[in-house]
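Shown next, in structure tokens, is the structure this report addresses.
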Amino acid sequence: MKRTHSCGELTARETGREVVLFGWVHNRRDHGGAVFIDLRDRAGLTQVVFEEDAGKELQELAHELRLEYCIGVRGKVVSRGANVNPKLPTGEVEVHVTQAQIFNRSETPPFLIEDRIDTAEEKRLHYRYLDLRRPAVQRPLLLRSRANAVTRSVLHERGFLELETPFLVKYTPGGARNFLVPARLQPGKFYALAESPQLFKQLFMVAGFDRYFQIVKCFRDEDLRLDRQPEFTQIDLEMSFVSQDDVFAVVEELVRALWREVLGVEIPGPFPRMPYDESMREYGNDKPDLRFGLKHMDLTRLLAEHRGAGVSMWSSFAQPSPGQIAKAMVVPASAGLSRTETDKLEEIAKGMGAKGLARAKVDEQGNWTQSPLAKSITPDARAAINAAVGAKPGDVILFQFGKEAQVHTVLANLRLHLGKKLGLIPEYGPRDPKDPASWNFLWVVNPPLFEFDEEQKKYVAAHHAFTRPRDEDLQYLDSDPGRVLCHRYDLVLNGFEIGGGSIRLHDPAVQQKVFAAMGIGPEEAEQKFGFLLQALRFGAPPHGGIALGMDRLSMLMSASESLRDVIPFPKTQKGTDLMTDAPGDADPKQLHDLHITSTAKSQEKA
RNA sequence: GGGGUGUUAGUUAAGCUGGUUAUAACGCCGGCCUGUCACGCCGGAGGCCACGGGUUCGAGUCCCGUACACCCCGCCA
């Protein structure tokens with residue numbers, strides 16, 4: 001038998017034709033006489049019928065069929081007349097079997113292969129090849145395949161060359177933790193798995209390739225999250241002789257083509273931009289979800305003006321102290337937040353390291369109730385805060401104060417939590433994938449070049465050491481490095497960072513100053529980044545680029561709940577593969593060949 | 001490293017303030033049934049209640065620990 005059609009394509013047009021279908025038994029309805037089988041393949045379902053008068057042999061075979069048997073049938077396409085099944089695209093017809101073959105029987109599957117996925121993810125991952133049979137599990141992967149095709153097409157069209165870079169690279173300090181690979185041929189030495197092609201793509205620019213892209217795996221040995229896997233895929237690109245606007249133009253064209261070709265949605269451009277500083281100030285992170293409000297208000301200066309406002313836990317705010325801030329967020333009266341619910345918010349805040357969650361409910365007179373602050377707050381300060389945050393009667397004001405990063409983490413997450421709880425945004429995914437307004441794209445631009453490392457008591461690169469400072473900030477490189485902003489940009493979609501990049505620093509003189517600001521001398525720089533620094537001295541062109549997270553893009557486009565849903569064989573939060581049981585043990589011979597000794601406590605062998 | 005949620009037939013769940021035989025649906029097995037499409041009807045099998053301790057006359061239920069999965073903080077662009 002040779003397959004003539006898929007299980008998703010037969011319609012009334014094929015009536016009367018003899019066809020051969022291959023697939024899996026999706027469902028069976030055995031009436032003793034006639035046996036109905038829903039035959040499934042990637043393309044869909046077709047009802048095939050073993051009729052009572054089909055002959056003894058066929059009848060016996062039909063009764064033998066069980067779920068997930070892999071079979072082939074030859075038969076005639078027949079109109080279902082009055083028995084049309086409107087739920088199936090192929091519901092107008094059925095195939096009356098004249099010949100059938102069982103290619104392979106199946107054990108009873110551990111879960112049903114159906115669209116409704118309520119099986120524990122642990123189980124699904126253990127039998128991932130069965131889980132992947134589910135049409136609903138296949139759908140995001142089909143979408144991703146399409147996105148790959150569109151990406152290649154758009155970028156090739158725009159003159160980008162698809163060039164490959166090594167995975168086995170030299171470890172470079174800073175940034176994400178690398179996976180290490182022992183080098184058998186060089187005893188005691190290690191490769192690192194590339195966390196990104198960053199340095200190599202810059203070398204492509206030095207080499208004059210002008211425009212490079214790659215859909216490429218990256219590896220980072222960091223803790224996992226809903227949107228983070230240890231190996232993931234980036235659409236990585238780099239361009240010579242470009243400004244930030246040039247990069248944005250290409251990326252917006254690519255992203256809009258993806259939404260147009262894959263989802264059939266026309267996203268308006270250009271995408272809005274927001275300074276990093278504004279994002280941190282109003283949303284507490286660098287990837288704000290602008291589909292809803294609940295902005296944060298900074299009260300640090302106000303508290304200083306009111307000498308701590310009479311509240312003992314705010315007394316340290318009477319004098320401004322670096323790194324310490326006070327912020328508030330207003331939950332509108334319309335949210336109808338109960339006291340219990342507010343208490344629960346405090347638990348969430350504490351879970352994120354907050355000491356507590358001071359809050360105040362504003363009454364008709366502007367007084368505060370249900371609040372530990374109510375007694376001590378000075379009336380002046382209360383009125384000033386009410387005015388600053390725009391609180392109306394019935395509103396609840398939530399406060400966080402202390403270390404800047406801590407305050408931002410807590411308030412940013414509370415904002416997201418409330419956005420979902422109050423129904424301002426869905427739990428996950430876009431409200432309506434077909435509605436352009438459900439997709440909030442945003443460029444977050446011009447973050448600081450350096451951040452101050454409290455532990456090392458010095459400035460370190462916020463991104464990497466080769467990001468170009470803004471020209472107007474070059475004057476502060478020596479005097480006030482923290483003030484220098486740079487040509488770094490992140491693309492944000494619905495609160496997820498889906499891409500990030502920068503215009504690179506190609507001027508050796510400025511580069512030297514940047515290193516100096518971080519306390520890195522010429523020798524140390526040479527030792528850490530030697531080959532790149534050397535390359536930049538041979539007439540390197542101005543260049544810049546970006547990397548887009550293909551997994552996150554696919555997750556968002558397919559309205560999936562997790563990155564795992566767009567990766568065929570994902571890892572668990574502890575980095576294991578429940579199907580293959582990776583990572584596994586290495587035997588002593590292997591370790592010996594690799595010149596490796598394990599210091600891990602030896603595990604009991606079964 | 002830390003916080004939270006969960007773990008009961010193959011699967012998904014119920015199981016109350018601890019009480020003697022741990023339920024249901026789907027799946028599975030057997031039988032019956034020409035028109036079903038979540039087919040139907042009759043019968044049946046199937047449990048280390050995640051694991052290890054403890055409290056108790058008695059633990060699926062309460063307590064402690066461990067493992068695993070998920071979400072989050074730290075970490076990570």
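Only heavy atoms go into these numbers, but all of them, side chains included; no hydrogens, no water, no symmetry mates. Here is how names work: the chains are called A, B, and so on, in the same order as the sequence lines, proteins then strands, and each is numbered from 1.
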Please state whether the phosphate of B:C68, meaning OP1 or OP2, lies under 4.0 angstrom from any side-chain nitrogen or oxygen of A:Thr576. no
Checking A:Gln573 now: which residues fulfil side-chain contact (heavy atoms from CB on, under 4.5 Å) with it, not counting sequence neighbours? A:Leu224
Cation-pi check, A:Arg281 to A:Tyr276: give yes when NZ or CZ is under 6.0 Å from the six-membered ring centre and within 45° of the ring axis, no otherwise. no
With a cut-off of less than 4.0 Å, is there a side-chain N or O of A:Lys574 near OP1 or OP2 of B:C68? yes
A correct 5'-to-3' footprint of nucleotides 30-36 of chain B, with B, S and - meaning base, sugar-phosphate only and no protein heavy atom under 4.0 Å, is S--BBBB
Residues of residues 220-227 of chain A with any non-hydrogen atom less than 4.0 angstrom from an atom of RNA chain B: list those, numerically ordered, please. A:Arg220, A:Glu222, A:Asp223, A:Arg225, A:Leu226
Checking all strands, does A:Gly175 fall into the base, sugar-phosphate, or nothing category for heavy-atom contacts under 4.0 angstrom? sugar-phosphate
Residues 552-572 of chain A vs salt bridge (charged side-chain N to carboxylate O under 4.0 Å, His left out), sequence neighbours excluded, gives A:Glu121-A:Arg564, A:Asp227-A:Arg552, A:Glu231-A:Lys571
How far does the C1' atom of B:U34 sit from the matching atom of B:G40, given to the nearest Å? 13 Å
Quick one: is A:Thr108 getting a side-chain N or O under 4.0 Å of the B:C29 phosphate, OP1 or OP2? no
Want to settle it: does A:Gly501 or A:Gly351 sit nearer the 5' end of RNA chain B, counting the closest nucleotide to each? A:Gly351
Protein and nucleotides 8-14 of chain B: nitrogen or oxygen contacts under 3.5 angstrom:
| unit_1 | atom_1 | unit_2 | atom_2 | d |
| --- | --- | --- | --- | --- |
| B:G10 | O2' | A:Pro110 | O | 2.8 |
| B:U11 | OP1 | A:Lys123 | NZ | 2.6 |
| B:U11 | O4' | A:Pro110 | O | 3.2 |
| B:U12 | OP1 | A:Ala120 | N | 2.5 |

Where along residues 190-203 of chain A does a heavy atom fall under 4.0 Å from RNA chain B? A:Glu195
Given the P atoms of B:A13 and B:A50, what is the spacing between them in whole Å? 14 Å
Quantified in whole Å, what is the P atom distance between nucleotide B:C62 and nucleotide B:C73? 30 Å
Could you walk me through whether A:Phe50 and A:Phe36 pass ring-ring contact (aromatic ring centres under 6.0 Å, His included), step by step? CA-CA 6 Å; A:Phe50 294 79; A:Phe36 299 88; over 10 Å; no
What contact category does A:Lys287 fall into here, base, sugar-phosphate, or nothing, at under 4.0 angstrom with non-hydrogen atoms? nothing
Is it the case that B:A77 (base atoms only) and A:Arg488 (side chain only) share a donor and an acceptor within less than 3.5 Å, ignoring hydrogens and angles? yes
For a side chain to side chain contact (heavy atoms under 4.5 Å, CB included) check, start with the C-alpha distance between A:Leu345 and A:Leu337, then their side-chain angles and the critical distance, and finish with the verdict. CA-CA 10 Å; A:Leu345 291 180; A:Leu337 209 58; 3.8 Å; yes
Euclidean distance for C1', B:G4 against B:C37 (whole angstrom): 44 Å
